[in-house]
**Q** 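Below is the structure I would like to discuss, written out as structure tokens.
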Amino acid sequence: EDQVTQSPEALRLQEGESSSLNCSYTVSGLRGLFWYRQDPGKGPEFLFTLYSAGEEKEKERLKATLTKKESFLHITAPKPEDSATYLCAVQVWGGADGLTFGKGTHLIIQP
Amino acid sequence: DAGVIQSPRHEVTEMGQEVTLRCKPISGHDYLFWYRQTMMRGLELLIYFNNNVPIDDSGMPEDRFSAKMPNASFSTLKIQPSEPRDSAVYFCASSLEGPRNTGELFFGEGSRLTVL
């Protein structure tokens with residue numbers, strides 16, 4: 001069974017304090033790994049897609065990286081508006097078109 | 001574009017009642033997904049459609065749940081009879097050309113269901 005585990009479950013940082021969120025996966029054959037952001041009371045919003053080990057994607061203060069077993073979402077000098085739940089999801093070869101999501105990391109950036 | 005539109009945003013009902021959740025996907029998107037989100041289990045895929053045809057309903061918890069997509073601009077998720085354990089936020093999402101290309105699903109704001 002495909003599994004996606006995110007850690008930590010929650011993280012509280014000071015504004016400007018850089019850190020990383022982890023997503024480890026156990027799948028039969030990774031087609032793609034995806035990062036989403038979810039604000040309270042909203043649906044998830046797409047951030048990145050990573051397809052192969054060594055690949056990196058960046059967007060403003062966020063950078064996503066991928067290895068054969070895990071992905072990291074690095075947050076550099078975060079601001080309070082970066083506070084959200086960050087979700088990781090995978091898609092496998094030969095599987096359904098839907099994504100399998102982890103439970104997310106709840107990130108709070110304090111001013 | 002208005003994005004994916006879901007209704008109702010909030011629903012409170014009593015055990016045993018029928019619940020119908022509605023979704024209007026983004027125009028031109030040919031994939032539609034229904035997800036359920038709880039604190040315990042996170043986001044779970046219930047069912048998805050391609051060109052209005054159900055492709056995979058293996059995530060539907062039991063026969064009390066059913067979903068339809070009568071046309072490209074409308075889908076429903078029905079629970080009958082509802083039970084307290086069905087309480088969750090139900091999300092609809094749509095995608096163009098399927099997520100195999102980019103993984104980008106466009107989610108609605110969700111329907112929060114509370115079954116008493």
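Reminder, nothing fancy here: chain letters follow the sequence lines and each chain counts from 1. Because the structure is predicted, anything quoted here is derived from the model rather than measured.
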**Q** I'd like to know if the side chain of A:K103 reaches the main chain of B:M40, judged simply by a donor and an acceptor atom lying under 3.5 Å from each other, with no hydrogens or angles considered.
**A** yes
**Q** How many angstroms lie between atom CD of A:Q38 and atom CZ of B:F91, to the nearest 0.5 angstrom?
**A** 5.0 Å
**Q** At what distance, to the nearest 0.5 angstrom, does CG of B:L105 lie from CZ of A:F101?
**A** 6.0 Å
**Q** Relative to chain B, which of A:G43, A:G41, A:P44, A:G32 shows the most heavy atom pairs under 4.5 Å?
**A** A:P44
**Q** Measure the CG-CZ distance between A:L99 and B:F33 for me, rounded to the nearest 0.5 Å.
**A** 7.0 Å
**Q** Is the number of heavy atoms from other residues, nucleotides or ligands within 6.0 Å of CG (B:N71) greater than 12?
**A** yes
**Q** By a 4.5 Å heavy-atom criterion (distance strictly below it), what part of B:R112 contacts chain A: side chain, backbone, both, or neither?
**A** neither
**Q** Kindly indicate, with the supporting measurements, whether the criterion side chain to side chain contact (heavy atoms under 4.5 Å, CB included) is fulfilled by B:L43 and A:L87.
**A** CA-CA 9 Å; B:L43 265 170; A:L87 299 165; 3.9 Å; yes
**Q** Report which part of B:F106 has an atom under 4.5 Å of a heavy atom belonging to chain A: side chain, backbone, both, or neither.
**A** neither
**Q** Do B:F107 and A:F46 have their ring centres less than 6.0 Å from each other?
**A** no
**Q** By a 4.5 Å heavy-atom criterion (distance strictly below it), what part of A:E45 contacts chain B: side chain, backbone, both, or neither?
**A** neither
**Q** Below 4.5 Å from any heavy atom of chain B, which atoms of A:L47 appear? Answer side chain, backbone, both or neither.
**A** neither
**Q** In Å, rounded to the nearest 0.5 Å, how long is the span from OG1 of A:T85 to CD of B:Q37?
**A** 8.0 Å
**Q** Does atom CD of A:E81 have more than 12 heavy-atom neighbours from other groups under 6.0 Å away?
**A** yes
